[in-house]
Amino acid sequence: MIGSFPTTRHRRLRQSPGVRKLVAETALINSDLILPVFIREDDDATQNVPYPGFYHYAIYELKELSEKASALGISALMLFPIISSDKKDPFGLESTNPNNLLIRALNVLKSYDLPLGIWADVALDPYTTHGHDGIIIDNKIDNDTTINKLIDLTLLLAKHGVDAICPSDMMDGRVSHLRSALDANGFQDTLIVSYTAKYASCFYGPFRNLLGVRALEGPSDKKTYQMDYANVKEALHEAAFDVQEGADMLIVKPGLPYLDVITKMANMYSTPVLGYQVSGEYVMVKSAAKEGYLDEKLAFLEMCMAFKRAGARAIITYAAIEIAEWLTSHNE
Ligand code: PBG
């Protein structure tokens, strides 16, 4: 039974903020947000960030940042280290140095004991000279050799108290191997937040530049391991494997151009699906706002609500602090 005009008027439910809020089908709250954080060496202050809105944090700046994020009710920080080029090699050896930048940052953040998840991306690209996420053998990213290295990195992170590891490498079978390694070493409670459907995307450009990856060496793109953006059934197949292998949450990445993937995955699986608004998406809004073409506050709020409407349980976004501040002031 549907109504008809003039007894039914859609605009009746749109006439005031109060009634609009009452009938809103979707809500966006601060705990829906996860903030990716770039960590730099303390003495690396001269490094310019060539994109509007991006920051990288020295370890001594993490106290203020994490207290702010926690006070705002953001759910977690997701850490990415910016490794200096002299510490990179083809095998990503620095990733398992127990005194590396990521572990030092993790130790400091965990010592504050805030009600804030401390998550870490797990892949080799911050540490490799060629910029790929895995180890190259015969000009190919070798699946199983890479997984072995990721197991070592995962166990190191778990030992230092990380709340969630986020494998972003797209190797086959890594979730089951990482889960088994964690469980065998007493880390049953460490979450695996898997990049389930990670597409080979141009929108990662700013991120790669920030990490110091100038051009990929060996294979010139990541298409042999990241997904083809023509596909969605493949994403659901990936999700089936990740759920089966023990992933606690599933990430779809990039975000806004992939809302169809989020919707389909969220409809099919009860495992929470997270959307990642990646660096290129963030910079599009920031640069347009800088030129005066867009109101960034309105743009980010609308985009984040769209993620939620599509079925995302939460959103990983570089704008998390700004959005949380806007939401907080709006609700006061
Ligand atoms: C790599 C990784 C990438 C991002 C997160 N983890 C880049 C890539 O796959 O090349 C991109 C994030 C962003 O663009 O914001 N392991």
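Whatever order the structure lists ligands and atoms in, that order sets their numbers, starting from 1.
- Near Lys253, meaning under 4.0 Å from one of its heavy atoms, ligand 1 places the atoms 2 (C), 3 (C), 4 (C), 5 (C), 6 (N), 11 (C), 12 (C).
- When heavy-atom distances to ligand 1 are checked against a 4.0 Å cut-off, Asp169 has no atom that comes that close, whether in backbone or side chain.
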Before giving the answer on side-chain contact (heavy atoms from CB on, under 4.5 Å), spell out for Trp326 and Leu298 the whole-Å C-alpha distance, their side-chain angles and the decisive distance to 0.1 Å. CA-CA 10 Å; Trp326 291 327; Leu298 297 180; over 6 Å; no

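- For ligand 1, the atoms closer than 4.0 angstrom to any heavy atom of Phe80 are 5 (C), 6 (N).
- Taking a 6.0 Å sphere around OH of Tyr112, one finds it holds more than 12 heavy atoms contributed by other residues, nucleotides or ligands.
- Taking each of Ala200, Ser168, Pro167 in turn, the one with a heavy atom nearest to atom 16 (N) of ligand 1 proves to be Ser168.
- Near Gln226, with a cut-off below 4.0 Å to any heavy atom, the atoms of ligand 1 are 8 (C), 9 (O).
- Listed by number with element, the atoms of ligand 1 under 4.0 angstrom from any heavy atom of Ala123 are 16 (N).
- More than 12 non-hydrogen atoms from other residues, nucleotides or ligands lie less than 6.0 angstrom from CD of Gln188.
- Among protein heavy atoms, the minimum distance from atom 12 (C) of ligand 1 is reached at Phe207 CD1, 3.3 Å.
- For ligand 1, the atoms lying closer than 4.0 Å to a non-hydrogen atom of Arg208 are 8 (C), 10 (O).
- Between Lys198 and ligand 1, at least one pair of N/O atoms sits closer than 3.5 Å.
- Residues Tyr199 and Pro254 meet the side-chain proximity criterion, which asks for heavy atoms closer than 4.5 Å.
- For the pair Gln277 and ligand 1, no heavy-atom separation below 4.0 Å is found.
- With a 4.5 Å cut-off on side-chain heavy atoms, Asp133 and Leu124 do not count as touching.
- Side-chain atoms of Tyr293 and Ser287, non-hydrogen and from C-beta on, never get closer than 4.5 Å to each other.
- Contact annotation for Ser279 and ligand 1: heavy atoms of both the backbone and the side chain come within less than 4.0 Å of the ligand.
- A side-chain N or O of Asp242 and one of Ser194 form a donor-acceptor pair less than 3.5 Å apart.
- The nearest heavy-atom contact from the protein to atom 15 (O) of ligand 1 is Tyr318 OH, 2.5 Å.
- Here the heavy atom of the protein found nearest to atom 1 (C) of ligand 1 is Asp125 OD2, 2.8 Å.
- Taking every non-hydrogen atom of Lys222 and a distance limit under 4.0 Å, the qualifying atoms of ligand 1 come out as 8 (C), 9 (O), 10 (O).
- A side-chain contact (heavy atoms from CB on, under 4.5 Å) with Asp169 is found for exactly one of Arg174, Lys149, His132, namely Arg174.
- Of the heavy atoms in Tyr282, none comes closer than 4.0 Å to ligand 1.
- Taking 4.0 Å as the cut-off between side-chain N and carboxylate O, Asp32 and Arg313 count as a salt-bridged pair.
- The aromatic rings of Phe38 and Tyr318 lie parallel to each other, their planes meeting at an angle below 30°, with 60° marking the opposite boundary.
- At a heavy-atom cutoff of 4.0 Å, ligand 1 is contacted by both the backbone and the side chain of Val278.
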